[in-house]
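Structure, as structure tokens:
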Amino acid sequence: MILGIDTSLGTAVGVVDPDGAVRADRTSDNPLGHAEVIGDLLRDALADAARGPIGQTGAAEPVSLTHVAAGMGPGPFTGLRVGIAAARAFALARSLPVVAVPSHDAAALAILLDDALADPYAEARRFAVVTDARRREVAYSVYEGMDADGLPIRATGPALALRAEIDAVLAAQRAQRVDVTAVSAAMLAVVAARAVAAGRELAGPEPLYLRAPDVTLPKSVARPGVEGRA
């Protein structure tokens, strides 16, 4: 089973079986307070997973996790690092590998699966996952269908654009805009499961911040008479 954790928008924790069956999908839509809720969501998601796939009411059984999927963004600096740190700490404590997944890929897979359910024979559309990046900006990634491994094909992104200009940006790329306000950690774990099965890495170890953090350490200033002292 794979545990997914994402804090690129709200806070989300999910658990899926290797075949993609969802065992837990817990979320908090609050874009702040990630550190305050993530512990409770982890506890509740693992309790849900012990009862089997969602919809079943079997007796609780041990949850045997094999991987932890970490949503790498894009997202705000502070919130995003809470989820990544939680995923890495959880994995380290249980000697599990961490699978880095772009958060937009999870949102894109959910869109693609919904499209397939609506019309299995329709041609895949070219669309953009668009999420709030604050400061009057949005983050976007453009997708065009699904590959042979069942993973979304990302054509461009993630990248930033001014909120007032995003429609023009996407029109130039012939991509339909899809605004996303929440990322499912269960879907993140599904993406991770497919990547693991295919032996693929979808993201590196560095978070996809897209911009520098709001708060930075001040540069050191040498004071007269202090420089060079032991």
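A salt bridge is absent between Arg23 and Asp48; no separation between the charged side-chain nitrogens and carboxylate oxygens falls under 4.0 Å. Under a 4.0 Å N-O distance rule, the pair Asp147/Arg200 qualifies as a salt bridge. Note on Arg163 versus Asp132: salt bridge recorded, some NZ/NE/NH1/NH2 to OD/OE distance being below 4.0 Å.
In this structure, the side chains of Leu202 and Pro102 come closer than 4.5 Å at one or more pairs of heavy atoms. Between Val129 and Tyr140, every side-chain heavy-atom pair lies at or beyond the 4.5 Å cut-off. Proximity of Ile111 to Arg125: side-chain heavy atoms (C-beta onward) are separated by under 4.5 Å at one or more points. The side-chain heavy atoms of His67 and Pro97, taken from C-beta on, include a pair separated by under 4.5 Å. Proximity of Phe127 to Glu144: side-chain heavy atoms (C-beta onward) are nowhere separated by under 4.5 Å. Within the 4.5 Å cutoff, the side chain of Pro53 has heavy atoms near those of the Asp17 side chain. Within the 4.5 Å cutoff, the side chain of Leu41 has heavy atoms near those of the Thr11 side chain. Proximity of Leu151 to Asp105: side-chain heavy atoms (C-beta onward) are nowhere separated by under 4.5 Å.
Considering every non-hydrogen atom in both Gly4 and Ala185, the closest pair reads O-CB, 3.4 Å. Closest heavy-atom contact between Ala192 and Ala69: CB-CB, 3.5 Å. Shown here for His34 and Gly79, the closest heavy-atom pair between the two residues is CD2-CA, 3.2 Å. When all heavy atoms are compared, the tightest approach of Pro205 to Arg88 is O-NH2, 2.5 Å. The minimum heavy-atom distance linking Ala106 with Val183 is given by the pair CB-CG1, 4.0 Å. What you find for Gly71 and Ile84 is that their closest heavy atoms are O-CG1, 3.6 Å.
With values rounded to the nearest 0.5 angstrom, Tyr143 atom OH is found 9.5 Å from Leu112 atom CG. Here CZ of Arg94 is found 13.5 Å from OG1 of Thr66. Values are rounded to the nearest 0.5 Å. Interatomic distance, Leu210 CG to Leu80 CG, rounded to the nearest 0.5 Å: 9.5 Å. Here Met72 contributes atom CE and Ser8 contributes atom OG; the two are 11.5 Å apart, rounded to the nearest 0.5 Å. Within the model, atoms CD1 of Ile5 and CG of Leu188 stand 9.5 Å from one another, a figure rounded to the nearest 0.5 Å. Distance CG/Leu160 to CD/Glu165: 12.0 Å, rounded to 0.5 Å.
Side-chain atoms of Ser184 come within 3.5 Å of backbone N or O of Ala186 as a donor-acceptor pair. Side-chain atoms of Ser141 never come within 3.5 Å of backbone atoms of Gly157 as a donor-acceptor pair (strictly under, hydrogens ignored).
Side-chain heavy atoms closer than 4.5 Å link hydrophobic residues (I, L, V, M, F, W, Y) into clusters, and following such links, even through other members, never connects Val16 to Leu65. Follow the hydrophobic side-chain contacts under 4.5 Å out from Val98 and you never reach Val13; the two are in separate clusters. No path of Ile, Leu, Val, Met, Phe, Trp and Tyr side chains, each step under 4.5 Å between heavy atoms, connects Val178 with Leu170, placing them in separate hydrophobic clusters. Under the 4.5 Å side-chain heavy-atom criterion for ILVMFWY residues, a single connected hydrophobic cluster contains both Met187 and Met146. Follow the hydrophobic side-chain contacts under 4.5 Å out from Ile2 and you reach Val190 in the same cluster.
Exactly one residue among Thr156, Val169, Val130 makes a side-chain contact (heavy atoms from CB on, under 4.5 Å) with Val142. That residue is Thr156.
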Kindly determine whether Thr7 and Arg81 satisfy side-chain contact (heavy atoms from CB on, under 4.5 Å), including the steps that lead there.
CA-CA 8 Å; Thr7 52; Arg81 67 179 180 174; over 6 Å; no
Step-by-step side-chain contact (heavy atoms from CB on, under 4.5 Å) determination, Arg126 to Gln173:
CA-CA 9 Å; Arg126 184 178 173 91; Gln173 299 192 42; 4.3 Å; yes
Under the side-chain contact (heavy atoms from CB on, under 4.5 Å) rule, what do Glu137 and Ile166 come out as? Steps first, then yes or no, please.
CA-CA 9 Å; Glu137 291 180 315; Ile166 183 61; over 6 Å; no
Can Thr131 and Leu9 be said to form a side-chain contact (heavy atoms from CB on, under 4.5 Å), step by step?
CA-CA 8 Å; Thr131 55; Leu9 293 172; 3.9 Å; yes
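Within 6.0 Å of CD on Glu201 lie no more than 12 heavy atoms contributed by other residues, nucleotides or ligands.
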